[in-house]
Amino acid sequence: MASDFTQYAHPDRLVSTDWLAEQIAAGKVGTGADDSIALLESDEDVLLYDTGHIPGALKLDWHQDLNDPVMRDYVDAEQFAKVMSERGIGRDTTVVIYGDKNNWWAAYALWVMSLFGHEDVRLLDGGRAKWAAEGRELTKDVPAVAARTGDAAYPVVERDDAPIRAFKDDVLAHLGGPLVDVRSPGEFSGELLHMPDYPQEGAMRGGHIPGAKSVPWARAANEDGTFKSREELEAIYQGEQGLDPKEATVAYCRIGERSSHTWFVLTHLLGFDAVRNYDGSWTEWGNSVRVPVEK
Amino acid sequence: MSDEPLPAGLAEIAEDFANLPVPQRLELLLEFSEGLPELPERYAGRLGEMEQVHECQSPLFLVVEVGDEGSGGEPDERPAGERPVHLFFSAPPEAPTTRGFAGILHEGLDGLTVEEVLAVPDDAPFRFSLGEAVSPLRLRGMVGMLSRIKRQTALKSQAA
């Protein structure tokens, strides 16, 4: 089935594997030229890119490139500008991100780029797995992109967290308002203190933030990792869960990557006005003293 | 970091990593990932009998065998502590970091004696200069593998 992105609220936030393959064939990807498209792979597995990636793609690692090495926070404006300039990306560059695990880390990287106000950043629908499943080319060649310097360098732009990022205190102030918990049902109910297979991201207390609705992130995805149709998504988030696109909404998970996926769905596919991702998520809330927990 | 020494094979690997600049440490880790031996035929389709390492973010299964059977299938008669330890891993190709950790442990530990494996310091995974290259969070997968290897080695050498 051809991808019809016009159904979504912000159709320009998604690209298809077909579209990307055409751009690559036309020589538009990963050249670093002013009108070129920058393609970034952002994976959970830090070595996956090195085993083979989409031609023209550069690696963007959520840990090494986007997180502050000391404090639990994202990189600052200078460091972000450096990460972008090194990859030949300017403020106006079209950036396409894809990754493993249903684009979790790709959505997370897109969300972090949005904190810095990068305008044109898109996801490859279906991510790395769909590209590979279609038998398309993967290469170990790392494109030689010249870093941007001087006037062409990525500008140092202060991060603006407030519109799309919630901190613990924001969530406390938001209690009673709509919250979406995108973790697995066992984590939501408090039976599991961590996601299956991820015990290192555990918490002292199990359960969820009071009033949160349980909508595991995967409900937004088809089997092949692409996003469900707008109609199907509306039926879940608006119909079944009664969320209102006009109301301020907060999404969270365990460390903020799966909820970036849901943040993308609510913001860009369904057009919700004000969705914030609480990246502290359960690894902060479930370890905090005297915050309310519901089981 | 403890002062307990690494076995010679692991010490050599640790030195190789330490002597490389950070980006090339990833390349070496990828070589270990690609060099991880295939699971032998006798374990094919028997992942259920292997132990899953839940600390890894991707599915990794391992099993330890203690002692060498003779060519005629006669049991290993050496004292338990002197019997060799053999390691077998299964991890998917889309999890190269996890495979790389397994590859390091295989290269450094396979064929050592029970006593030598049990003496490997628990902080060994932090001595490969990989924290900077892959992040300390990701290294916990290797800690989980090592602790299970030591536990299985202890159990199976007692039973032998």
Side-chain angles (χ1 to χ4, degrees), chain A residues 41-53 58-72 74-75 86 98-105 108 127-133 138 140-142 186 192-202 225 254-258 283, chain B residues 17 20-36 47 50-62 90-104 125-126 128-148:
Chain A
E41 174 163 337
S42 191
D43 295 319
E44 176 170 287
D45 193 304
V46 66
L47 274 182
L48 193 54
Y49 170 90
D50 305 86
T51 67
H53 48 263
L58 288 165
K59 174 155 74 174
L60 180 72
D61 186 60
W62 62 281
H63 238 299
Q64 312 294 338
D65 298 319
L66 298 178
N67 273 266
D68 183 280
V70 180
M71 187 168 49
R72 185 172 173 188
Y74 301 107
V75 290
E86 280 171 357
Y98 72 96
D100 62 355
K101 303 258 173 175
N102 287 285
N103 271 338
W104 285 355
W105 307 98
Y108 183 83
R128 182 184 164 100
K130 181 160 193 280
W131 181 274
L138 294 171
K140 286 190 175 182
D141 294 340
V142 176
L192 286 177
L193 288 174
H194 57 79
M195 185 179 173
D197 301 347
Y198 293 69
Q200 71 275 29
E201 290 163 12
R254 187 186 73 242
I255 58 170
E257 94 294 16
R258 285 175 289 174
T283 48
Chain B
F17 274 109
L20 290 172
V22 172
Q24 273 144 35
R25 287 179 201 162
L26 283 182
E27 283 172 31
L28 182 57
L29 186 60
L30 189 57
E31 283 174 30
F32 278 107
S33 169
E34 289 166 350
L36 180 67
L47 288 185
M50 300 174 74
E51 185 174 11
Q52 181 167 8
V53 179
H54 289 280
E55 287 85 348
C56 295
Q57 298 199 333
S58 301
L60 178 119
F61 296 84
L62 66 83
S90 172
E94 62 272 17
T97 302
T98 298
R99 288 181 61 88
F101 294 161
I104 290 173
F126 298 101
F128 298 101
S129 315
L130 284 169
E132 235 180 301
V134 306
S135 90
L137 192 70
R138 286 171 167 135
L139 279 178
R140 296 195 202 172
M142 201 182 343
V143 175
M145 287 182 213
L146 178 62
S147 67
R148 281 170 175 78

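All chains are named by letter (A, B, ...) in the order of the sequence lines, taking the proteins before the strands, and each is independently numbered beginning at 1. All values below were derived from every heavy atom in this structure, side-chain atoms included, with hydrogens, water molecules and symmetry-related copies excluded.
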Closest approach of V46(A) and A133(B), non-hydrogen atoms and distance? CG2-O, 4.2 Å
Side chain, backbone, both or neither: which part of N67(A) has an atom under 4.5 Å from a heavy atom of chain B? neither
Flag if over 12 foreign heavy atoms under 6.0 Å of CD, E34(B): yes
What part of D50(A) lies closer than 4.5 angstrom to a heavy atom of chain B: side chain, backbone, both or neither? both
Can you say whether E27(B) sits under 4.5 Å from chain A via the side chain, the backbone, both, or neither, judging by heavy atoms? neither
Say whether, by atom type as modelled, one donor and one acceptor occur between the side chain of R138(B) and the main chain of D45(A) under 3.5 angstrom. no
May I ask you to name which of T51(A), L47(A), D43(A) has the most heavy-atom pairs under 4.5 Å with chain B? L47(A)
So CG of L26(B) and CD of Q64(A): to nearest 0.5 Å the spacing works out to 7.5 Å
